[in-house]
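In what follows, a structure is listed as structure tokens, so that the remarks can point back to it.
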Amino acid sequence: MRIATWNVNSLRSRIDRVEALLDRHDIDVLALQETKAREDQLPLMGLQAREYEVAAAGFNQWNGVALISRVGLDDIEIGFPGMPGWGEPVAPEARAIGATCGGVRVWSLYIPNGRKPDDPHYRYKLDWLSRLREAAHAWQDRPTALVGDWNICPTDDDVFDAAQFRNSTHVTPAERGAFQAFLDDGWSEVTRAHAPGFTYWDYYRQRFERDRGLKIDFVLGSPTFAERVTGAFIDREERAGQGASDHAPVVVDVA
DNA sequence: ATGGTCGGTCACCGA
């Protein structure tokens, strides 16, 4: 089974690219972030006709996430117990959608950006991660993948210029500690060993052309998921074209 | 320290 994650930066503006990506890499499950679509702007054109099911959450112009699957999309959950806004009817800040696809529990996650370390949103980010980790304890005993845009660079190698980011989010000890806490709990980041390199490049200053990016899109697997991973790659070609998202898709193969 | 470029309830805000 092939699972991919992609911060698509607006699903409507890139629906053709999404469909092409599914075909090009023969993807079974695609997790999307920053869908930027309202509920009435779904369903997504030709996907159903191609035997993919779609589930989405976070219907606003920033935070939306979605799952597209042709191997089942069962027991869909919007958010998780403890998530800010969980249980509210609309949950516009959902940022997380989970479903069982082909026997694997897949969570599409869009971790809060944090904006600036002195911004209240930074606290919100750390709190959100803490609550996710608590909820994730209950998911570790079965094949589970926490995929998406983590908005954290776990090491200095994951930033094109660590010095430039010294006073920025994504690299602070607290954020790295929050990421490490998942690993300490037994989650494994399964893409890095197969797919080094950045996954995100800012649109401006020709950051992609100069490969000045960040590695912030990750797949964290439970033990029974991680042991089944046979490979992974970053689709840099998708980022290279005109009209690309600022993130590249990350693809993982599972036996 | 600023600004650069995207997308969208579009001329501001969030990334």
Side-chain angles (χ1 to χ4, degrees), chain A residues 5-21 30-45 56-66 84-85 89-96 108-129 147-154 158-172 175 178-179 198-218 234-250:
Chain A
T5 180
W6 188 24
N7 182 322
V8 68
N9 187 17
S10 170
L11 186 45
R12 282 175 299 148
S13 72
R14 270 179 268 281
I15 184 63
D16 293 346
R17 285 173 172 269
V18 168
E19 297 196 39
L21 180 79
L30 175 60
L32 296 170
Q33 300 86 37
E34 287 205 74
T35 49
K36 298 186 175 180
R38 297 192 311 264
E39 190 161 19
D40 61 283
Q41 293 168 326
L42 303 169
L44 306 171
M45 304 66 156
F59 301 117
N60 58 57
Q61 47 186 319
W62 300 297
N63 305 329
V65 287
V90 178
E93 285 280 321
R95 295 176 177 273
S108 179
L109 304 171
Y110 179 44
I111 276 69
N113 174 284
R115 298 177 191 167
K116 296 273 165 50
D118 60 356
D119 190 298
H121 201 255
Y122 175 79
R123 249 299 133 201
Y124 178 79
K125 177 183 194 173
L126 295 175
D127 182 55
W128 200 96
L129 281 162
V147 316
D149 179 355
W150 287 75
N151 271 316
I152 298 172
C153 302
D158 302 324
V159 199
F160 67 87
D161 183 349
Q164 187 176 133
F165 272 71
R166 203 164 33 229
N167 297 316
S168 305
T169 57
H170 294 58
V171 303
T172 65
E175 289 164 284
F179 190 89
F198 303 134
T199 64
Y200 160 84
W201 301 259
D202 248 324
Y203 281 124
Y204 41 75
R205 292 193 165 181
Q206 298 182 299
R207 288 267 171 85
F208 180 73
E209 290 76 2
R210 299 155 67 198
D211 196 27
R212 294 169 73 77
L214 308 176
K215 192 175 187 67
I216 54 178
D217 299 274
F218 296 106
I234 299 163
D235 184 4
R236 291 177 60 105
E237 282 301 304
E238 172 56 45
R239 178 62 181 83
Q242 196 77 17
S245 168
D246 41 4
H247 292 249
V250 179

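The shown structure was predicted, so the numbers you read here are calculated from the model rather than taken from an experiment. All chains are named by letter (A, B, ...) in the order of the sequence lines, taking the proteins before the strands, and each is independently numbered beginning at 1.
Counting to the nearest Å, the P atom of B/dA15 and the CD1 atom of A/Ile216 are 12 Å from each other. Between the CG atom of A/Asn60 and the P atom of B/dC13 there is a distance of 17 Å, given to the nearest Å. Put simply, CZ on A/Phe165 is 12 Å from C1' on B/dA15, counting in whole angstrom units. Whole-Å rounding puts the A/Asn151 CG to B/dG14 P distance at 15 Å. The distance between atom NE2 of A/His121 and atom C1' of B/dG14, rounded to the nearest whole Å, is 9 Å. In this structure, A/Gln33 places its CD atom 18 Å from C1' of B/dG8, rounding to the nearest Å. Atom P of nucleotide B/dA1 and atom CG of A/Asp118 are separated by 12 Å, given to the nearest angstrom. If you take CG of A/Asn113 and C1' of B/dA15, they are 6 Å apart, rounded to a whole angstrom.
Across every non-hydrogen atom of A/Gln33 and A/Asn7, the tightest pair is OE1-N, 3.2 Å. The two residues A/Arg95 and A/Tyr124 make their nearest non-hydrogen contact at NE-CE2, 4.2 Å.
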Under 3.5 Å, which protein N or O atoms sit close to an N or O of nucleotides 4-7 of chain B? Give each pair with its distance.
{"residue": "B/dG7", "atom": "O3'", "partner": "A/Ser10", "partner atom": "OG", "Å": "3.1"}

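When the side chain to side chain donor-acceptor pair (under 3.5 Å) test is applied to A/Arg17, the partners found at least two apart in sequence or on another chain are A/Glu238. For A/Lys125, the side chain to side chain donor-acceptor pair (under 3.5 Å) partners two or more places apart in sequence, or in a different chain, are A/Glu175.
Between B/dC10 and B/dC6, the distance separating the two C1' atoms is 13 Å to the nearest Å. On the P atoms, B/dT5 is 22 Å away from B/dA1, given to the nearest whole Å. Taking atom P in both B/dG4 and B/dT9, one finds a spacing of 25 Å when rounded to whole Å.
Backbone-only engagement by A/Glu34 is indicated by non-hydrogen atom pairs under 4.0 Å involving sugar-phosphate atoms exclusively. Here A/Tyr200 lies out of heavy-atom contact (under 4.0 Å) with every strand.
Using modelled atom types, no side-chain atom of A/Trp150 and backbone atom of A/Ile111 make a donor-acceptor pair closer than 3.5 Å.
In summary, the aromatic rings of A/Phe198 and A/Phe208 are positioned with their centroids too far apart to meet the 6.0 Å limit.
Look at A/Lys116 and A/Asp118 and you find no salt bridge, because none of the NZ, NE, NH1 or NH2 atoms lies under 4.0 Å from a carboxylate O.
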